[in-house]
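Beneath this line is the structure, given in structure tokens, with notes to follow.
What you see is a predicted model, and the numbers here were worked out from it, not measured in a lab.
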Amino acid sequence: MEIREMRAFVAVVEEGGLSAAARRLHVSQPAVSQTVQALERQLGVQLLVRSNAGVQPTEAGMTLAGEARAVLARHDQAVAAVTRHASGSLLRVGLPLELPPDLMSRALADLAEAFPGTRVQVVHAATTGQFELLQKGELELGLVRERPVGPEFDAMLVLEERLGVLLSKELADKLGGSDGIRLDALVGLEWIGFAREGSPAWHDEVTAIFRSHGLEIGPDTTAGHSLISELKFAAVSGGGAFTLAPPNWTQPIPEHLAWCPLLGSPLVRRTWAVWPASSHRRDLGHLVAALDVL
């Protein structure tokens, strides 16, 4: 029986349910359920009684929970003792463009207080690039625009942004009302977007929504290029183009440009925290937990 399995079972017993235990452990509910089922097969006894109200440990389950708590306490004590001799560790975090600065700043401040020996290195990369770095072991945590598929990574939603559009002020006054702009009012304008290779699923979602509102999508943005704010500002200044932008744009918007919400909020950009499912780093777990409360 592994430490991870013991920790999962104790969480289920203490939380009284699989969903609550999954939130506490920052894993999926099916993963917790599979762990408990594997333990029951391994031990040959029923550990939990399941009902609509949650779960209750059997007598065997209570025995296992008590023994597991003792083992986990000794394990954590040993890890803490060894950690005191470490000179510090590196935690590499991937960030995409256009991320609100306060999303990470508060979580990193919390991490620094709890793990002063951990040094954080930020790597700026698109979603696809971050997944490649995670697979190579060159990132411990990624903030990406697509939820991963499969058991290799764990993921947690940390941000939802209702995107609006950035365009020339003259065009905004012509197309928009007091509440915002309809997406189909942008028909005929060029979309200043992003390369599909950087985030294929998110790119496909955006273009599908565009097409459902009558917008024609031009050639894909040059592969390997990410448009920074200043380039987007220049591209939409002429009045024949628009770009998507969150309401809390990090860069000051020039006076001749305007940000407008999209009526009905048809485009919601989601950012996920993603980390290797096999990771047992306590500082990483603390950072993920700090992001979970934002």
Side-chain angles (χ1 to χ4, degrees), residues 1-43 46-57 61 64-65 68-69 72 75-76 91-96 103-104 107 110-111 127-128 130-137 139-161 199-202 204-205 268-294:
M1 186 182 304
E2 298 180 359
I3 292 294
R4 174 183 60 83
E5 295 173 327
M6 292 185 191
R7 205 177 296 279
F9 182 73
V10 169
V12 171
V13 172
E14 292 180 348
E15 298 292 340
L18 298 174
S19 296
R23 289 192 296 271
R24 169 171 157 181
L25 297 168
H26 304 294
V27 299
S28 66
Q29 180 177 331
V32 175
S33 179
Q34 290 168 11
T35 297
V36 173
Q37 291 171 6
L39 284 175
E40 290 180 325
R41 289 194 301 269
Q42 178 183 347
L43 298 174
Q46 184 178 359
L47 299 174
L48 298 174
V49 176
R50 298 159 178 83
S51 68
N52 292 334
V55 298
Q56 292 291 330
L64 176 61
R69 287 190 185 98
L72 290 171
H75 172 268
D76 292 344
L91 191 66
R92 295 161 296 186
V93 179
L95 300 182
L103 177 67
M104 287 301 298
D110 188 275
L111 175 69
T127 293
T128 302
Q130 290 193 48
F131 279 134
E132 291 175 354
L133 293 172
L134 284 162
Q135 289 170 336
K136 294 177 182 177
L139 273 187
E140 281 68 54
L141 178 70
L143 294 182
V144 298
R145 298 278 157 68
E146 299 176 10
R147 182 169 186 167
V149 177
E152 184 177 5
F153 299 114
D154 285 327
M156 178 182 71
L157 181 65
V158 296
L159 180 65
E160 290 187 329
E161 299 171 286
S199 184
W202 169 233
D204 292 347
E205 180 181 346
V268 178
R269 183 171 66 187
R270 295 172 175 84
T271 301
W272 303 84
V274 175
W275 63 96
S278 60
S279 176
H280 300 292
R281 289 188 55 163
R282 296 173 65 239
D283 51 1
L284 174 59
H286 191 92
L287 180 56
V288 170
L291 286 169
D292 192 23
V293 301
L294 295 178

Side chains of [X] and [Y] in contact at under 4.5 Å (non-hydrogen atoms):
{"X": "Val13", "Y": "Arg69", "result": "yes"}
{"X": "Thr271", "Y": "Arg145", "result": "yes"}
{"X": "Leu291", "Y": "Met104", "result": "yes"}
{"X": "Asp154", "Y": "Val288", "result": "no"}
{"X": "Thr35", "Y": "Val12", "result": "no"}
{"X": "His286", "Y": "Leu91", "result": "no"}
{"X": "Trp202", "Y": "Glu205", "result": "yes"}

Rounded distance [0.5 Å steps], [atom1] in [X] versus [atom2] in [Y]:
{"X": "Leu39", "Y": "Gln46", "atom1": "CG", "atom2": "CD", "value": "13.5 Å"}
{"X": "Leu157", "Y": "Arg147", "atom1": "CG", "atom2": "CZ", "value": "8.5 Å"}
{"X": "Glu152", "Y": "Leu134", "atom1": "CD", "atom2": "CG", "value": "8.5 Å"}
{"X": "Gln56", "Y": "Leu47", "atom1": "CD", "atom2": "CG", "value": "13.5 Å"}
{"X": "Arg281", "Y": "Trp275", "atom1": "CZ", "atom2": "CH2", "value": "14.0 Å"}
{"X": "Leu72", "Y": "Arg7", "atom1": "CG", "atom2": "CZ", "value": "5.0 Å"}

Closest heavy-atom contact between [X] and [Y]?
{"X": "Pro276", "Y": "Glu140", "value": "CD-O, 3.5 Å"}
{"X": "Glu40", "Y": "Leu48", "value": "OE2-N, 3.4 Å"}
{"X": "Thr128", "Y": "Pro200", "value": "OG1-CD, 3.5 Å"}
{"X": "Gly17", "Y": "Val55", "value": "N-CG2, 3.8 Å"}
{"X": "Leu18", "Y": "Gln29", "value": "CB-CG, 4.0 Å"}
{"X": "Ser279", "Y": "Leu284", "value": "OG-CD2, 3.3 Å"}

Exercise for the section: Look at Glu14 together with Arg24 and state whether they make a salt bridge at an N to O cut-off of under 4.0 Å. Expected result: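 Yes, this pair counts.
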
Exercise for the section: Answer yes or no: is there a donor N or O on one side and an acceptor on the other, between the side chain of Glu146 and the main chain of Ala201, under 3.5 Å? Expected result: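 Checking the backbone N and O of Ala201 against the side chain of Glu146, a donor-acceptor pair under 3.5 Å is found.
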
Practice task
Tell me yes or no: between the side chains of Gln37 and Ser33, is some donor less than 3.5 Å from an acceptor?
Solution key: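 Their side chains do contain a donor-acceptor pair, which is all the 3.5 Å distance test asks for.
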
